[in-house]
Amino acid sequence: MFSIDKEKLDGLLKDWAREYEVHVPCKVGDITSFELYGGEEIDLEFQNSRMPPIKKIMMPESETLYRYESSPEGYKIKPEELDERKRIVFGARPCDCAGIERIDKTFYQNPPDPYYDARRRNTIIIGLACNKPPFFSCFCTSVGLSPHSTAGMDVLLTDLGGGYLAEPMTERGKEVLKGLRRASESEIKQAKELHEKADELLEKFEIDNNAMDFDARVWEDEAERCIGCGICTFLCPSCSCFTLENIGSTKKGKMVRIWETCQFPAYSIEASGHNPRPNRKERVRQRLFDKYRYSFDKFGEFDCVGCGRCVDLCPVNIDVREIMLSVKEAG
Ligand code: SF4
Ligand code: SF4
């Protein structure tokens, strides 16, 4: 394990910025946003950013996959160049780092998605443990994670006051920390105590996904309030739905991948024209079943990392924690 003195942090980030595109948390107006190092003022006291930073880099809101043009010999297809910029995301919260592991499951199928893979392979993720949660409405301990869990990280940082304990989790994490001072036993002990304290600060509730009833009244009740804006999925660090759109004409154009959400009516329309989720009730139910039941049945873990963004940012205050508690009580 290594140690980063706070007064040396700027020098370290500068060194990394010679080789990598370094993304750091910054205060931008009223919110925290991950920006390129060297611009906005860095803020490592932040709670969490509005946008999940790793998802935004790995699967941008929109990206061109290929361009096409018709010719007398047929269509010419030109795949877009892969984005192989070397990046470091510095200071991402543990929930957001775990979120990218969930998104990996979408893009690392057979065959893997080359566009996603190029960015993922070239990005080093340096996470920052949460010493004083909860922030807003987060609940990571209820979904099997913690304020210092290391899923998805190359390095875990813990703020010790005067500096950070830096724990490498992968070979590339070790590589990027090379040359730093070795941490002392007392620093390691202090980090452990901070982790234990942070665990105690979070209230844990039990998610009983076996009690989820497809025909329960709760889906209709929540659907009456939901305005179908999709914020809860767009800003979710583990949601990865997208759609493909042709931009151009039949002669020339490009294929673009853009974020999509199961909360929009057109999302589920099948080629026949049938829509299995025509009403908001089915769409609200789908989000919750997908997050807490289907993913669990398939992968043995929730597709929710407990970041709390959907709770905080839903314009009509729909709260997944309340829904899952009511499901449990009704079950
Ligand atoms: S479902 Fe809500 S709390 Fe869970 S990871 Fe997504 S935005 Fe965060
Ligand atoms: S953020 Fe709230 S209102 Fe918007 S789609 Fe999600 S649950 Fe519905």
Side-chain angles (χ1 to χ4, degrees), residues 31-32 47-56 58-59 92-106 127 130 133-147 149 151-152 202-207 209 212 218-242 259-268 277-296 299 301-327:
I31 62 166
T32 299
Q47 299 200 330
N48 208 352
S49 55
R50 169 73 52 91
M51 178 72 86
I54 312 170
K55 166 174 163 174
K56 185 175 157 58
M58 301 299 168
M59 54 169 301
R93 290 296 181 193
C95 51
D96 289 342
C97 299
I100 206 63
E101 275 203 348
R102 308 296 201 268
I103 292 183
D104 284 348
K105 295 188 173 87
T106 300
C130 306
F135 305 142
F136 314 114
S137 315
C138 53
F139 53 97
C140 60
T141 51
S142 303
V143 291
L145 295 165
S146 83
S149 55
L202 279 166
E203 204 179 316
K204 191 171 171 181
F205 68 95
E206 197 210 332
I207 294 178
N209 56 6
M212 291 176 85
V218 65
W219 314 121
E220 218 165 295
D221 292 345
E222 296 298 329
E224 271 176 25
R225 293 200 288 146
C226 173
I227 56 170
C229 64
I231 293 288
C232 51
T233 52
F234 288 134
L235 295 180
C236 171
S238 54
C239 275
S240 58
C241 289
F242 61 81
W259 287 3
E260 170 65 297
T261 168
C262 58
Q263 299 308 295
F264 287 172
Y267 174 85
S268 309
R277 297 181 203 122
N279 302 309
R280 214 156 272 158
K281 172 186 150 190
E282 290 96 31
R283 299 195 286 273
V284 167
R285 179 176 63 193
Q286 163 62 19
R287 178 166 79 94
L288 276 287
F289 264 78
D290 190 47
K291 290 283 165 202
Y292 301 108
R293 179 75 170 267
Y294 303 146
S295 55
F296 204 87
F299 302 115
E301 59 187 8
F302 300 124
D303 192 33
C304 165
V305 292
C307 73
R309 283 186 182 88
C310 61
V311 178
D312 289 318
L313 300 168
C314 171
V316 296
N317 300 323
I318 289 179
D319 185 331
V320 285
R321 300 167 307 173
E322 279 172 14
I323 298 177
M324 292 312 291
L325 279 173
S326 76
V327 157

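In listed order, ligands and their atoms are each counted from 1.
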What salt bridge (Lys or Arg N to Asp or Glu O under 4.0 Å) pairs are there with at least one residue in residues 224-237, not counting sequence neighbours?
Glu222-Arg225
May I ask you to decide if the ring planes of Phe296 and Phe302 are parallel, tilted or perpendicular, using 30° and 60° as cut-offs?
tilted
So how many protein N, O or S atoms does atom 2 (Fe) of ligand 1 have within less than 2.8 Å?
1
Val316: numbered ligand 2 atoms lying under 4.0 Å from its heavy atoms:
3 (S)
Mark up the atoms of ligand 2 that fall under 4.0 Å of a heavy atom belonging to Gly228, in ascending order.
5 (S), 8 (Fe)
Tell me: protein heavy atom nearest atom 5 (S) of ligand 1, and distance?
Val305 N, 3.2 Å
With the side chain counted from C-beta on, respond yes when Trp219 and Val327 share a heavy-atom pair under 4.5 Å apart, and no when they do not.
yes
State which residue, out of Arg277, Glu282, Arg283, Arg280, fulfils the side-chain contact (heavy atoms from CB on, under 4.5 Å) condition with Pro265.
Arg283
Scan for salt bridge (Lys or Arg N to Asp or Glu O under 4.0 Å) pairs involving residues 304-313, sequence neighbours excluded, and state none if there are none.
Asp96-Arg309
Of all the heavy atoms in Phe302, does at least one lie under 4.0 Å from an atom in ligand 1?
no
Can you report which non-hydrogen protein atom sits closest to atom 4 (Fe) of ligand 2, along with the distance?
Cys229 SG, 2.3 Å
Per-atom filter on ligand 2: closer than 4.0 angstrom to a heavy atom of Ile227 are 3 (S), 8 (Fe)
More than 12 foreign heavy atoms under 6.0 Å from CZ of Arg50: is that the case here?
no
Give me the atom names and distance for the closest heavy-atom approach of Asp303 to Asp290.
CB-O, 4.0 Å
When every non-hydrogen atom of Pro147 is compared with those of Pro94, the smallest separation belongs to O-CG, 3.2 Å
Any residue meeting salt bridge (Lys or Arg N to Asp or Glu O under 4.0 Å) with Lys105, in chain and number order, not counting sequence neighbours:
Glu301
Any idea which atoms of ligand 1 are less than 4.0 Å away from a heavy-atom of Phe139?
3 (S)
Distance from atom 2 (Fe) of ligand 2 to nearest protein heavy atom, with residue and atom:
Cys314 SG, 2.3 Å
Starting from atom 8 (Fe) of ligand 2, find the nearest protein heavy-atom neighbour and note its residue, name and distance.
Cys226 SG, 2.4 Å
Mind checking whether Arg102 and Cys304 have side chains closer than 4.5 Å, heavy atoms only?
no
